[in-house]
Amino acid sequence: MSDDEVDHELLDLLRKSLGWGPKDPNAPPETGVLKDAEFIYNNSVDVALDMRHTKVAAIEILKQMEEQRYSTKTWTEHVLHPKAKDESTVNFIFTMDLLNFSFWSEKSEGERFAVRYRDQRWTGYWSLVAALQRALDEGIPITTPSFWANEEECTDEVLRNIFRPDTEEEIPLFEERARCLREAGQILEEEFDSSVAILIDDAKHSAARLVNILADRFPCFKDEGKFERKKVRFLKRAQIFVADLWAAFDGEGFGQFTDIDKITMFADYRVPQMLHSLGCISYCPPLEKHIRELKPITSGHSWELQIRGCSIWAVELIRREILALRPNSTVNAILIDFFLYDLAKKKESAGEEVIPHHRTRSIWY
Ligand SMILES: Nc1nc2c(c(CN[C@H]3C=C[C@H](O)[C@@H]3O)cn2[C@@H]2O[C@H](COP(=O)(O)O)[C@@H](O)[C@H]2O)c(=O)[nH]1
């Protein structure tokens with residue numbers, strides 16, 4: 001072997017061990033969300049995490065998840081979630097997670113926006129799922145991307161009928177929802193042959209790559225902010241889209257991802273409320289007062305970014321605690337998050353007293 005070859009080989013070895021040199025184009029990328037959440041946590045002064053409560057919460061969550069045999073299968077067991085393991089469910093989930101935001105209302109339970117479907121009144125996230133199922137029952141192709149881009153067929157009037165309320169209050173941010181659908185329909189038509197399945201195929205079974213494609217190609221999924229002069233990414237609806245696919249398809253077919261554990265908690269307004277009532281996160285007195293007085297927090301405000309970032313980090317710490325207790329556990333941030341959302345809804349319907357959720361009106365969550 002000549003001196004020259006020895007140098008190249010040595011150099012390559014050194015590069016690889018130091019993580020230098022050309023990135024393998026096929027290696028799954030990173031979304032950056034968890035790193036940004038840690039940065040926010042390390043620089044938050046108005047939101048704090050409590051390690052003792054986080055440990056206790058991890059033990060309790062693990063116990064309840066094991067008792068309930070909580071798994072991806074729980075997703076399909078929800079009465080309104082689609083059951084078919086085919087492209088119709090892919091399209092349903094994409095439509096749902098395009099619009100999965102901002103259902104909260106200041107009106108009473110009886111007056112807030114609600115959808116009547118199968119003789120029940122559905123509110124919050126479930127009002128969206130019910131409206132989509134009702135539209136499909138009525139023969140409206142609301143989960144078909146080419147329909148959204150068709151101005152003659154998908155008019156505001158048709159959309160208002162799809163989201164027609166069982167109360168006086170219309171669905172929050174109706175115009176923004178119509179815009180999200182039409183914009184996504186346009187982009188899918190131009191770049192993915194109007195097919196969500198093609199969009200998913202482009203990610204080559206990488207959850208992180210699919211999240212990044214959504215954030216890069218669809219402005220309405222580009223959920224980020226600026227904290228301490230640094231761009232921070234939350235990508236909540238892009239991430240919950242991947243998580244819903246993974247859960248609905250039980251980790252196979254359209255839901256098969258090699259790096260699913262890179263998906264973080266979804267920084268919405270419901271799970272932070274649950275983390276607070278578990279004592280995992282706490283707010284400085286001015287922020288707590290602001291939240292308890294139901295005052296709005298502007299999208300992008302430092303308080304909002306701290307609540308979202310610290311919540312993502314709190315679930316990461318709960319995940320690490322659970323893994324320390326059960327090294328072989330398949331529990332990840334998605335299942336912990338889904339569990340906490342469902343727990344929040346159980347406590348809400350049981351009328352349990354919890355701190356109000358923060359009031360930020362936006363299309364991001
Ligand atoms: N972090 C997180 N946020 C979630 C969900 C879900 C529903 N996921 C279903 C799928 C699997 C699970 O088992 C759930 O059954 C909705 N949301 C968000 O909450 C808000 C709606 O709240 P409310 O108005 O009270 O319904 C809104 O921002 C919505 O985007 C979740 O799982 N995690």
Side-chain angles (χ1 to χ4, degrees), residues 33 37 47 49 53-54 57 60-61 64-65 70 74-75 78 80-81 93 96-107 109 112-115 122-130 171-173 177 223 234-241 243-244 247 263-283 287-288 290-292 294-297 299 303-316 318-319 333-365:
V33 174
V47 181
L49 265 58
H53 280 98
T54 302
E60 187 53 29
I61 290 166
Q64 288 189 37
M65 284 177 102
Y70 202 87
T74 318
W75 194 95
H78 285 287
L80 292 186
H81 279 162
I93 291 172
M96 185 179 76
D97 285 325
L98 258 184
L99 305 173
N100 189 356
F101 56 80
S102 216
F103 304 104
W104 59 268
S105 165
E106 295 309 3
K107 293 196 181 302
E109 259 322 284
R112 69 178 294 196
F113 172 73
V115 167
W122 304 89
T123 57
Y125 161 80
W126 295 110
S127 69
L128 167 65
V129 190
I171 190 168
L173 300 181
R177 293 182 205 273
D223 170 16
F234 298 103
L235 305 183
K236 180 257 177 188
R237 288 194 288 104
Q239 291 204 100
I240 203 169
F241 168 65
D244 284 339
I263 298 295
T264 73
M265 171 262 181
F266 318 112
D268 73 314
Y269 54 85
R270 194 57 72 196
V271 176
Q273 181 187 31
M274 193 64 232
L275 289 167
H276 185 276
S277 61
L278 291 169
C280 299
I281 63 174
S282 60
Y283 303 136
L287 173 54
E288 176 153 352
H290 193 92
I291 287 176
R292 288 189 184 282
L294 310 185
K295 288 183 178 161
I297 300 178
S299 179
W303 275 353
E304 185 216 20
L305 304 181
Q306 291 179 59
I307 292 170
R308 300 187 80 193
C310 290
S311 294
I312 292 172
W313 194 248
V315 170
E316 171 62 11
I318 289 171
R319 185 189 71 82
I334 297 173
L335 289 175
I336 295 168
D337 175 286
F338 281 172
F339 177 85
L340 288 172
Y341 173 85
D342 290 339
L343 182 60
K345 299 307 283 179
K346 279 182 195 143
K347 285 177 175 288
E348 185 186 55
S349 42
E352 276 190 40
E353 197 47 43
V354 286
I355 190 171
H357 63 74
H358 71 279
R359 259 75 174 162
T360 297
R361 188 65 81 190
S362 84
I363 69 162
W364 306 120
Y365 58 95

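Quick caveat: nothing in here was measured; it's all calculated off a predicted structure.
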* Given Y125 and Y341, is the side chain to side chain contact (heavy atoms under 4.5 Å, CB included) satisfied, shown in steps? -> CA-CA 11 Å; Y125 161 80; Y341 173 85; 3.5 Å; yes
* Decide yes or no on side chain to side chain contact (heavy atoms under 4.5 Å, CB included) for I171 and V115, but give the supporting numbers first. => CA-CA 9 Å; I171 190 168; V115 167; over 6 Å; no
* Test side chain to side chain contact (heavy atoms under 4.5 Å, CB included) on I61 and L343 and set out the steps. => CA-CA 10 Å; I61 290 166; L343 182 60; 5.8 Å; no
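C310 is not listed as a side-chain neighbour of Y283, based on a closest heavy-atom distance of 4.5 Å or more. In this structure, V129 and W122 have side chains that are not in contact, with every pair of non-hydrogen atoms separated by 4.5 Å or more. Residues L275 and I318 form a side-chain contact, since some pair of their non-hydrogen atoms from C-beta on lies under 4.5 Å apart. I263 places none of its side-chain heavy atoms less than 4.5 Å from the side chain of D337. At a threshold of 4.5 Å between non-hydrogen side-chain atoms, the residues I281 and S311 count as touching. For the pair F103/Y269, a side-chain contact is recorded, criterion being any heavy-atom separation below 4.5 Å from C-beta on. Between L335 and T74 the shortest side-chain heavy-atom distance does not fall below 4.5 Å. The shortest distance between side-chain heavy atoms of W303 and I291 does not fall below 4.5 Å.
Checked against side-chain contact (heavy atoms from CB on, under 4.5 Å), A238 has the following partners two or more places apart in sequence or in another chain: V211, L214, F221, L235. Every residue two or more places apart in sequence or in another chain that forms a side-chain contact (heavy atoms from CB on, under 4.5 Å) with L294 is listed here: E106, P356, R359. Take E60 and apply the side-chain contact (heavy atoms from CB on, under 4.5 Å) test, not counting sequence neighbours, and it matches K63, Q64. Checked against side chain to side chain donor-acceptor pair (under 3.5 Å), K107 has no partners two or more places apart in sequence or in another chain. Residues meeting the salt bridge (Lys or Arg N to Asp or Glu O under 4.0 Å) test with D223, sequence neighbours left out: R308. Residues that satisfy the side chain to side chain donor-acceptor pair (under 3.5 Å) test with R319, not counting sequence neighbours, are E316. Listed by chain and number, the residues in a side chain to side chain donor-acceptor pair (under 3.5 Å) with Y70 are D342 (sequence neighbours excluded). W75 meets the side chain to side chain donor-acceptor pair (under 3.5 Å) test with D244; sequence neighbours excluded. When the salt bridge (Lys or Arg N to Asp or Glu O under 4.0 Å) test is applied to E348, the partners found at least two apart in sequence or on another chain are R270, K345. For L305, the side-chain contact (heavy atoms from CB on, under 4.5 Å) criterion is met by F227, F234, not counting sequence neighbours. Under the salt bridge (Lys or Arg N to Asp or Glu O under 4.0 Å) criterion, E353 pairs with no residue, sequence neighbours left out. Taking the salt bridge (Lys or Arg N to Asp or Glu O under 4.0 Å) definition, one finds that R361 meets it with nothing, sequence neighbours left out.
Residue E304 holds its CD atom at 6.0 Å from OG of S362, rounded to the nearest 0.5 Å. Here the CD-NE2 distance, from Q273 to H357, works out to 6.5 Å after rounding to the nearest 0.5 Å. If you take CZ on F338 and CD1 on I334, they are separated by 6.0 Å, rounding to the nearest 0.5 Å. Taking CG of L98 as the reference point, atom CD1 of I93 lies at 12.5 Å (rounded to 0.5 Å). Here CG of L340 is found 8.0 Å from CE of M265. Values are rounded to the nearest 0.5 Å. Distance CG/L99 to CG/L128: 5.5 Å, rounded to 0.5 Å.
Of all non-hydrogen atoms in S277 and V354, the two that sit nearest each other are CB-CG1, 3.7 Å. Taking both residues in full, the closest heavy atoms of I297 and I307 are given as CD1-CD1, 4.3 Å, listed atom of the first, atom of the second, then distance. Of all heavy-atom pairs spanning K236 and D268, the tightest one is CE-CB, 4.0 Å. For the pair R237 and I363, the tightest heavy-atom approach, listed with the atom from each and the gap, is NE-O, 2.9 Å. Nearest heavy atom pair, residue A314 against residue T54, reads O-CG2, 4.2 Å.
A cation-pi geometry, defined here as NZ or CZ lying under 6.0 Å from the six-membered ring centre and within 45° of its normal, holds between R177 and F101.
Taking the centre of each ring, H358 and Y365 come in below the 6.0 Å mark.
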